[in-house]
Amino acid sequence: MAAYAAGFRWHTSCPARRSWPVWAAAFLAPLHDLPKTPVDVTRLAVTFPRSAVARLLHISRTTVAAHCRRAEEALGVDLSDVRARATVDLALSLTGPQSVATGLPHLAPPHLEDLLRTGLAVDWAESFLRPLHGARPSTLHITVSAWIDADTDARRTAARGGLSRNTVRAHLRAAERLLNRDRLTTGSGIHDLVHALGVTGGRPHTALRADAFCRSP
């Protein structure tokens, strides 16, 4: 179920558009050694709650966790971290549903950080986040950014920002409407938010090991 992350469709019109699938193929190359099932389960688990994946596939949550753990170990990521899930989801989306590595071996894989600094990426991110700026309350964008920094934990967001959990939830519902993203049903809206904040705020995808940004195929 790998569809392009909605916010990153702009890459297809970029002269360097081939760089994106090359990065994705190199990033996902360690999954080559895994059977198909852990990869398929991980595709779902980076977007949907694991309990929902278990129900959909008629397997236990323990089995879902075991499959995800194999992918985590291969990629060197922690899928409990929202930034890691966003990056893996983006890479899987860019490779298509049939393969986790269909890169172009004659091209050196770029760094994800470099791809996220391109003009089109910045334009997309600023456009995506624009509804939050100037919105009421004026601190809406701060709450949303803090929520991502707190790994989408409303309680931690509230504690760090000196807000009530109800206020945090109200801010998130307002952001959800403004951004036209459903943060609760699927992870795709959250992932767009992660990438947009990373582009505009310079926050790296800190849950990734050092070579995750650029791996040789």
Side-chain angles (χ1 to χ4, degrees), residues 3-11 14 19-20 23-24 27 46-49 75 77-94 110-163 165 167-210 212-214:
Y4 271 175
F8 279 82
R9 292 183 185 275
W10 44 258
H11 86 276
C14 177
S19 297
W20 285 95
W23 162 76
F27 174 73
V46 295
T47 300
F48 299 101
L75 294 172
V77 302
D78 178 3
L79 292 178
S80 68
D81 185 283
V82 67
R83 289 187 173 92
R85 292 196 301 275
T87 300
V88 173
D89 184 32
L90 177 61
L92 288 168
S93 297
L94 289 166
H111 287 266
L112 177 59
E113 284 186 312
D114 292 337
L115 293 174
L116 293 175
R117 290 193 192 105
T118 61
L120 286 174
V122 173
D123 289 346
W124 168 79
E126 291 177 346
S127 176
F128 178 80
L129 295 173
R130 190 169 296 124
L132 298 183
H133 296 280
R136 301 186 70 84
S138 59
T139 57
L140 191 61
H141 66 288
I142 296 174
T143 302
V144 170
S145 180
W147 180 63
I148 294 297
D149 284 342
D151 206 19
T152 69
D153 187 312
R155 178 178 296 181
R156 285 164 54 195
T157 305
R160 292 176 180 179
L163 304 170
R165 275 182 288 173
T167 298
V168 170
R169 293 190 183 103
H171 285 191
L172 294 175
R173 286 193 296 271
E176 190 175 41
R177 291 191 299 271
L178 289 167
L179 298 176
N180 194 28
R181 292 294 190 279
D182 188 344
R183 67 176 180 87
L184 299 175
T185 302
T186 71
S188 58
I190 299 175
H191 297 167
D192 283 346
L193 182 60
V194 167
H195 292 305
L197 289 171
V199 170
T200 59
R203 292 298 304 272
H205 291 57
T206 52
L208 305 180
R209 68 190 186 193
F213 291 110
C214 181

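Throughout, residue positions are numbered sequentially from 1 according to the sequence presented. Just so it is clear, the structure is predicted and the values come from calculations on it, not from any experiment.
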Student: Below 4.5 Å, heavy atoms only, C-beta onward: do Arg181 and Asp192 meet side chain to side chain?
Tutor: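 Yes, their side chains come closer than 4.5 Å.
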Student: Do Leu129 and Val144 have side-chain heavy atoms sitting under 4.5 Å apart?
Tutor: no
Student: Do Ile148 and Ile190 touch side chain to side chain, with heavy atoms closer than 4.5 Å?
Tutor: yes
Student: Any side-chain to backbone donor/acceptor pair from Ser145 onto Ile142? Under 3.5 Å, distance only.
Tutor: no
Student: Going by the salt bridge (charged side-chain N to carboxylate O under 4.0 Å, His left out) test, name the single residue among Asp89, Asp149, Asp151 that passes it with Arg83.
Tutor: Asp149
Student: Do you know which two heavy atoms are closest between Ser19 and Leu115, and how far apart they sit?
Tutor: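 Between these two residues, the closest heavy atoms are CB-CD2, 3.7 Å.
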Student: Can you name the salt bridge (Lys or Arg N to Asp or Glu O under 4.0 Å) partners of Asp114, sequence neighbours left out?
Tutor: Arg117
Student: Hey, could you give me the CZ/NE2 distance between Arg130 and His141, rounded to the nearest 0.5 Å?
Tutor: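 Going from CZ on Arg130 over to NE2 on His141, the span is 14.0 Å.
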Student: To the nearest 0.5 Å, tell me how far Asp153 CG sits from Arg165 CZ.
Tutor: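 Reported value, rounded in 0.5 Å steps: 9.0 Å.
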Student: How close do Phe27 and Ala91 get, counting heavy atoms only, and between which atoms?
Tutor: CD2-CB, 3.6 Å
Student: To the closest 0.5 Å, what do you measure between OG1 (Thr87) and CZ (Arg85)?
Tutor: 11.0 Å
Student: Aromatic rings Trp23 and Trp20: how do their planes relate, parallel, tilted or perpendicular, breaks at 30° and 60°?
Tutor: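 Plane angle over 60°, so perpendicular.
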Student: Got Glu176 and Leu172 here, is their nearest side-chain heavy-atom distance under 4.5 Å?
Tutor: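 Counting from C-beta outward, Glu176 and Leu172 never come under 4.5 Å.
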Student: Testing the basics here: between Leu140 and Ala174, what is the closest heavy-atom pair and its distance to 0.1 Å?
Tutor: CD1-CB, 4.1 Å
Student: Looking at Asp123, is its backbone amide N or carbonyl O close enough to the side chain of Ser127 to form a donor-acceptor pair, meaning the two atoms are under 3.5 Å apart?
Tutor: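 Not at all, since once roles are kept as given, no pair shorter than 3.5 Å links the two residues.
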Student: With sequence neighbours left out, what residues match Arg136 under side chain to side chain contact (heavy atoms under 4.5 Å, CB included)?
Tutor: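 Per chain and number, Arg136 pairs via side chain to side chain contact (heavy atoms under 4.5 Å, CB included) with no residue.
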Student: In Å and rounded to the nearest 0.5 Å, what is the NE2 to CG distance from His195 to Leu116?
Tutor: 7.0 Å
Student: Which heavy atom of Asp78 sits nearest a heavy atom of Ala84, and at what distance?
Tutor: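 Shortest heavy-atom separation between Asp78 and Ala84 comes out as O-CB, 3.3 Å.
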Student: Does the His171 side chain pair with the main chain of Thr139, one donor and one acceptor, at a distance under 3.5 Å?
Tutor: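 Not at all, since once roles are kept as given, no pair shorter than 3.5 Å links the two residues.
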Student: For the pair Thr157 and Leu163, evaluate side-chain contact (heavy atoms from CB on, under 4.5 Å) and give the outcome as yes or no after the intermediate values.
Tutor: CA-CA 8 Å; Thr157 305; Leu163 304 170; 5.8 Å; no
